[in-house]
There are 2 protein chains.
Amino acid sequence: MAPLCRNAGTIMDRTNRNRTTITKGTHLFRPGQDCPGYVVVHEGAIRVSLTAESGREIVLYRVRPGDVCLQTFSALVHGTPYTAEGLAETDLVIEIVPPQAFQELVASNHAFRMRLFGAVADRFSDLERLVEDVALTGIPARLARALLRLADADDAVNVRHEALAIEIGSAREVISRQLAAFSRSGLISGTRGVIHLVSRPGLHSVAGEF
Amino acid sequence: MAPLCRNAGTIMDRTNRNRTTITKGTHLFRPGQDCPGYVVVHEGAIRVSLTAESGREIVLYRVRPGDVCLQTFSALVHGTPYTAEGLAETDLVIEIVPPQAFQELVASNHAFRMRLFGAVADRFSDLERLVEDVALTGIPARLARALLRLADADDAVNVRHEALAIEIGSAREVISRQLAAFSRSGLISGTRGVIHLVSRPGLHSVAGEF
DNA sequence: CGATGTCTGTGACATGATCACATCCGGCAA
DNA sequence: TTGCCGGATGTGATCATGTCACAGACATCG
């Protein structure tokens, strides 16, 4: 079956109004706030997450150049406030397209629409995988997947345990113990600071991916 | 903020080709299968769920008249196979719009596109709530929410424990125990066969909704 | 070097998932 | 009716994970 939309690449490269720079660590939005417009990320990454009253948190997805911030899309389409939290994970260059301009773009620009459809479908696939992970998959597999996802070209992962816990919707202590277990098994080396992936195949196996 | 799309109601009432009747209990699709076209539900409900290798299962969402089957949308947009399972929860009247016809509709019909955007955004909100439920919410609240969602106008819920477990991504035994607890607390009466909601306010309170 | 604050390790316990098996209940046949 | 059968439900034991409390390790700064 041929894909309906092949190019879900960078959206709106041509527009160049209202660019804003945001400092790493800033909250772009929080639950309950109104959405000022469609958010386009030109540089950097936004981390979108949910937080429970207990303080437990889970990352829904990241918005990088070319991605759709589904929160923004959904808030605009429905005219409802944000339901999740958006954090600048790095320094950002973003652009905020006011609702009316967004609506006009959707109405007038077919290429934009198709990219939007493609990007929304991507995001949906991510969320579906997330549900599968959280509801049906155990901690070892989820952590192994997160390590493989977050590792750089040198097989190094440099994140605090707390951040790893938020990544997979678990708790810091659980991560600490599971990293120790992976280390004992020889899958990784080092459980704190920079973690090195010793055996990617081993981790893939634990992750249940072949 | 004004909603961009007010009417996410029934999509494609006007098309009336290729209507098909499906018997309750039939699988419309399974993971790995190719998507033959965009699925429109005219009558009945499709239950879309994920199943783990262990046999554990969780309901992602239901497709009723006017809803978008995101699985179908995503499969068509990406040209990829289904990733979840679709079951006829009731007898169905559906219509399958071939990929090319779907693409032409998206390209030519603005009202259709806007409804599609609206319905996709709805579905996304559902999935986000699901992630929140599964990742951050305890069994009592999830079960209470499911009971409130599934109860009919007479406050009666007639589902097997196994089905309730799939509804919230838990296990039959856990449902059995939690229903017994609700019954002891006087929130419901009867834990098997038809369950009656005695105190909706009480259940809402357990559900964490006010 | 020591004080301080943040991150990490670990034991104890609570909650939920899994397994094994007992019990209940509704048909159905003799 | 009685007894059997199979699916659905109840329950204890055990394992995996989440939560809480606190101790130990490390970095930073004076």
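Reminder, nothing fancy here: chain letters follow the sequence lines and each chain counts from 1.
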Problem - Side chains of A/Glu128 and B/Thr83, donor plus acceptor under 3.5 Å - result: yes
[X] [atom1] to [N] [atom2]: how many Å, rounded?
{"X": "A/Gln178", "N": "D/dG18", "atom1": "CD", "atom2": "C1'", "result": "14 Å"}
{"X": "A/Ile58", "N": "D/dT17", "atom1": "CD1", "atom2": "C1'", "result": "14 Å"}
{"X": "A/Leu164", "N": "C/dT8", "atom1": "CG", "atom2": "C1'", "result": "13 Å"}
{"X": "A/Ile175", "N": "D/dA16", "atom1": "CD1", "atom2": "P", "result": "17 Å"}
{"X": "B/Arg56", "N": "C/dC19", "atom1": "CZ", "atom2": "P", "result": "11 Å"}
{"X": "B/Glu57", "N": "C/dT18", "atom1": "CD", "atom2": "P", "result": "13 Å"}

Completion exercise
Taking every heavy atom of B/Ala135 against every heavy atom of A/Ile58, the minimum-distance pair comes out as CB-CD1, 3.8 Å
Exercise for the section: Taking all heavy atoms of B/Tyr82 and all of B/Arg30, pick out the closest pair and write down the distance. Expected result: CB-O, 3.6 Å
Donor-acceptor pairs under 3.5 angstrom involving side-chain atoms of residues 189-203 of chain B: please list them, not counting sequence neighbours.
from	atom 1	to	atom 2	distance (Å)
B/Ser199	OG	B/Gly202	N	2.8
B/Arg200	NE	B/Asp155	OD1	2.6
B/Arg200	NH2	B/Asp155	OD1	3.0

Handout entry: side-chain hydrogen bond (donor to acceptor under 3.5 Å, both in side chains) partners of B/Arg113, counting only residues at least two apart
Key = B/His110
Handout entry: Matching residue for B/Ile168 among B/Ile175, B/Leu130, B/Asp133 - test: side-chain contact (heavy atoms from CB on, under 4.5 Å)
Key = B/Ile175
Completion exercise
A/Glu173 meets the side-chain contact (heavy atoms from CB on, under 4.5 Å) criterion, sequence neighbours left out, with A/Ala171, A/Arg177
Completion exercise
Nucleotide by nucleotide, nucleotides 5-10 of chain D touches protein heavy atoms under 4.0 Å in the pattern (B base, S sugar-phosphate only, - none) ---SBB
Handout entry: Positions of residues 138-152 of chain B (non-hydrogen atom under 4.0 Å from DNA chain D), listed by number
Key = none
Handout entry: Pairs flagged by ring pair (Phe, Tyr, Trp, His ring centres under 6.0 Å) wherever residues 50-74 of chain B is involved - sequence neighbours left out
Key = A/Phe117-B/Phe73
Fill in the blank from the handout: Assert: residue with more 5' nearest nucleotide on DNA chain D, out of A/Thr137 and B/Ala180, is B/Ala180
Handout entry: Aromatic plane relationship, B/Phe112 with B/Phe102 - under 30° parallel, 30 to 60° tilted, over 60° perpendicular
Key = perpendicular
Practice task
For A/Ser170, answer base if it contacts any base atom (sugar-phosphate contacts may also be present), sugar-phosphate if it contacts only those atoms, and nothing otherwise; contact means non-hydrogen atoms under 4.0 Å.
Solution key: sugar-phosphate
